[in-house]
Protein chains: 2
Amino acid sequence: MPLDYTNSVPLYIQLKDRIEEKVLHGTYTGKVPSERELMDEYYISRSTVRQAFDALTREGRLSKNREKELLSL
Amino acid sequence: MPLDYTNSVPLYIQLKDRIEEKVLHGTYTGKVPSERELMDEYYISRSTVRQAFDALTREGRLSKNREKELLSL
DNA sequence: AATAATTTGTCCGTATGTATA
DNA sequence: TTATACATACGGACAAATTAT
């Protein structure tokens, strides 16, 4: 389902939450999808995808190469 | 002549227009020039050249192998 | 046919400008 | 004014495909 543009929660936070959910549920077999794939799936810009990645990285939930690291979850 | 960096029209749109002009005037005998050639001619990055190609493709003016197709011009 | 060089496709890192809530 | 979001533009890296030798 698409992100909620009417929600006051920023899109990049919504995306961050979606990614965390899917990681927890093992939806992503190998890595988290590429920026391009997430852009296409959620109809958002690359910048916004990158903001979500930045947030995940800051929280230690995402490694440099975007393995599905479950650090401190 | 070089593209106009002071123009608010994006470089990739300016390039797209240049290519369309040259196609119309038969300047390109065989194919549209390679990415590298356009980079060197207009002093722009490869990404920008590719954006121009993407725009031309979206508008149905450029085929996969960049033949000078005059579709709907 | 086989190899080398070029071209293209894809992805990522970074920076800047604009618009808007 | 700041935070959010998007568009534009640069660059680099690498693999795959194409072309030249």
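So you know, we letter chains A, B, ... as the sequences are listed, proteins then strands, and number each from 1. Side chains included, hydrogens not; waters and symmetry mates left out as well; all remaining heavy atoms used.
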Identify the pairs formed between an N or O of the protein and an N or O of nucleotides 15-21 of chain C at a distance under 3.5 Å, and give each distance.
none

*Scan residues 33-43 of chain B against DNA chain C and write down, sorted by residue number, each residue with any heavy atom closer than 4.0 Å; if none is found, say none.*
S34(B), E35(B)
Expected rows: protein N/O vs nucleotides 14-20 of chain D N/O, under 3.5 Å:
none

*To the nearest 0.5 angstrom, please state how far the NZ atom of K31(B) sits from the CG atom of L62(B).*
10.5 Å
_What is the distance, to the nearest angstrom, from the CZ atom on R50(B) to the C1' atom on dA13(D)?_
14 Å
*Take Q51(A) and R46(A) through the side-chain contact (heavy atoms from CB on, under 4.5 Å) test and state the conclusion after the steps.*
CA-CA 9 Å; Q51(A) 279 184 285; R46(A) 190 182 162 208; over 6 Å; no
*Just how far, in rounded Å, is P of dA3(D) from CD1 of I13(A)?*
13 Å
*Judged by atom type as modelled, is there a donor-acceptor pair below 3.5 Å linking the side chain of R58(B) to the main-chain atoms of F53(B)?*
no
*What nucleotide, of dC6(D), dA5(D), dC10(D), holds the atom closest to the side chain of P10(A)?*
dA5(D)
*Taking CG from L3(B) and C1' from dA9(D), how many angstroms apart are they, rounded to a whole number?*
12 Å
*Just jot down the salt bridge (charged side-chain N to carboxylate O under 4.0 Å, His left out) partners of D40(A), sequence neighbours excluded, or say none.*
R36(A)
_Once side chain to side chain contact (heavy atoms under 4.5 Å, CB included) is applied, do any residues pair with S47(B), and if so which ones, sequence neighbours excluded?_
S45(B)
*Could you state the CG-C1' distance from D4(A) to dT4(D), rounded to the nearest angstrom?*
15 Å
_Cluster overlap Y5(B) with I13(B), hydrophobic side-chain contacts below 4.5 Å_ = no
*Check the distance between dT4(D)'s P and K16(A)'s NZ and give it to me in whole angstrom.*
13 Å
*Between dA3(D) atom P and D54(A) atom CG, what is the distance in whole Å?*
15 Å
*Nearest-Å distance, OH (Y5(B)) to P (dA9(D))?*
9 Å
*Between dA7(D), dG11(D), dG9(C), which one does the side chain of S45(A) approach most closely?*
dA7(D)
*Name the one of I19(A), V9(A), T48(A), I44(A) that satisfies side-chain contact (heavy atoms from CB on, under 4.5 Å) with Q14(A)?*
V9(A)
*Heavy atoms only: give me the nearest L15(A)-L38(A) pair and the separation to one decimal.*
CD1-CD2, 4.5 Å
*Got a donor-acceptor contact below 3.5 angstrom from the E59(B) side chain to the L56(B) backbone?*
no
*asked:* With heavy-atom distances below 4.5 Å as the criterion, would you say the side chains of Y42(B) and P2(B) are in contact?
replied: no
*Heavy atoms under 4.0 Å, any strand shown: does F53(B) hit a base, just sugar-phosphate, or nothing?*
nothing
*If you check the Y12(B) side chain, which of dT4(D), dC10(D), dA9(D) turns out closest?*
dA9(D)
*M39(B) and Y12(B): same hydrophobic cluster, using ILVMFWY side-chain contacts below 4.5 Å?*
no
*Separation of atom CG in L11(A) from atom P in dA7(D), rounded to whole Å*: 12 Å
*So how far off straight is the helix from dA2(C)-dT21(D) to dA21(C)-dT2(D), going by the axes through five pairs at either end, to 10°?*
20°
*asked:* So does V49(A) get a backbone contact from the side chain of E35(A), meaning a donor-acceptor N/O pair under 3.5 Å?
replied: no
*Salt-bridge present (E41(B), K22(B); N to O < 4.0 Å)*: yes
